[in-house]
Engineer: 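The structure follows.
Every number for a ligand or one of its atoms is a count from 1 in the order of the listing.
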Amino acid sequence: MRLLIVEDDLPLQDALAAGLRQQGHAVDAFGCGTDADAALAGAPYDAVVLDLGLPGGDGLHWLRRWRAADRTVPVLILTARDAVEQRIAGLDGGADDYLVKPITIDELGARLRAMTRRAGGRVHGVWRHGALEYDPAARVARWKGRAVDLTARELALLEALMSHPQRVLSKAQLLEKLYDWSGAEPESNALEVHVHHLRRKVDPGIVRTVRGLGYALGASVE
Ligand code: CA
C-alpha cells in the first residue's frame with residue numbers, strides 16, 4: 001500500500017514511517033496538514049494516518065476539508081488518551097477508524113489493512129484470484145497452494161494488481177503504488193523487472209501486458 005502519515009512529533013513520525021515500510025508499504029510522512037494536503041493531491045494513497053494536534057490547522061480541519069472535497073481515501077486518526085470528544089468528532093468528521101496513543105506498529109498495520117479491506121469491499125483477509133492467494137497480514141503469496149518467495153516490491157506489485165483485478169493499470173500508476181518519495185527515483189525499467197520476476201516466480205500468465213496502456217492481472221487460473 002502507499003500510505004500517508006501526518007504527524008508533527010518527529011520521532012513518532014520516523015518510527016511510524018520506518019515500521020510501516022518494514023511491513024512492505026510505501027510511506028510518505030509530513031509534519032503539517034498543508035504539506036499532507038499537497039501530497040494527497042499528488043499521489044494515489046491507499047490510506048492516511050492523521051494526527052489531530054498539528055501546527056497550522058488541526059487534523060480535524062484537514063479531514064473535514066478532504067471529505068468536503070470528496071476525497072474518499074480511508075483515514076485513521078491518532079488521538080491522545082483522554083480525548084473521547086476528539087475521537088467522536090474525528091469519526092463524525094469522516095475518519096474511518098482511530099487509535100489512541102501510544103500505539104503499536106503491529107496494531108496500526110492491522111487496522112490499516114482492515115480499513116482498506118472495507119474500502120475495497122472485501123470481506124476476507126486473504127485475497128484470492130483463481131489459483132493465486134495473497135495474505136497481506138502474513139505478506140505471503142501462494143500459487144496453487146505453494147508459497148512463492150517474493151520481495152517486498154513484488155508483493156506490493158501483486159497487491160496493486162489484485163486490488164483492481166478488472167482494470168488495466170498504467171506504469172505510472174503502478175510505480176506510484178510501489179515507490180514513495182523517500183528514496184532515489186526508481187530505475188526506468190524497474191517496473192518491467194518486477195513484472196518479469198512475478199511471471200517467472202508465480203506463473204507466466206499472472207501479469208498481462210496491455211500494449212500502450214500498462215499491465216493487468218492475468219486471467220484467473222484454477
Ligand atoms: Ca501532534
Engineer: Can you tell me if an N/O/S atom from Leu54 lies under 3.0 Å from the Ca ion (ligand 1)?
Structural biologist: no
Engineer: Closer than 3.0 Å to the Ca ion (ligand 1), do we get an N, O or S atom from Asp51, backbone or side chain?
Structural biologist: yes
Engineer: Which distance, rounded to the nearest 0.5 Å, do you find between the CG of Asp92 and the CG of Leu60?
Structural biologist: 9.5 Å
Engineer: Between Arg21 and Asp180, does at least one N-O distance fall below 4.0 Å, as a salt bridge requires?
Structural biologist: yes
Engineer: Can you tell me if, anywhere in Asp8, an N/O/S atom lies at a distance from the Ca ion (ligand 1) that is smaller than 3.0 Å?
Structural biologist: yes
Engineer: Can you tell me which residue among Arg146, Arg142, Lys144 is in a salt bridge (charged side-chain N to carboxylate O under 4.0 Å, His left out) with Glu133?
Structural biologist: Arg142
Engineer: State whether Trp181 and Arg2 meet the cation-pi test: NZ (Lys) or CZ (Arg) under 6.0 Å from the six-membered ring centroid, and within 45° of the perpendicular axis.
Structural biologist: yes
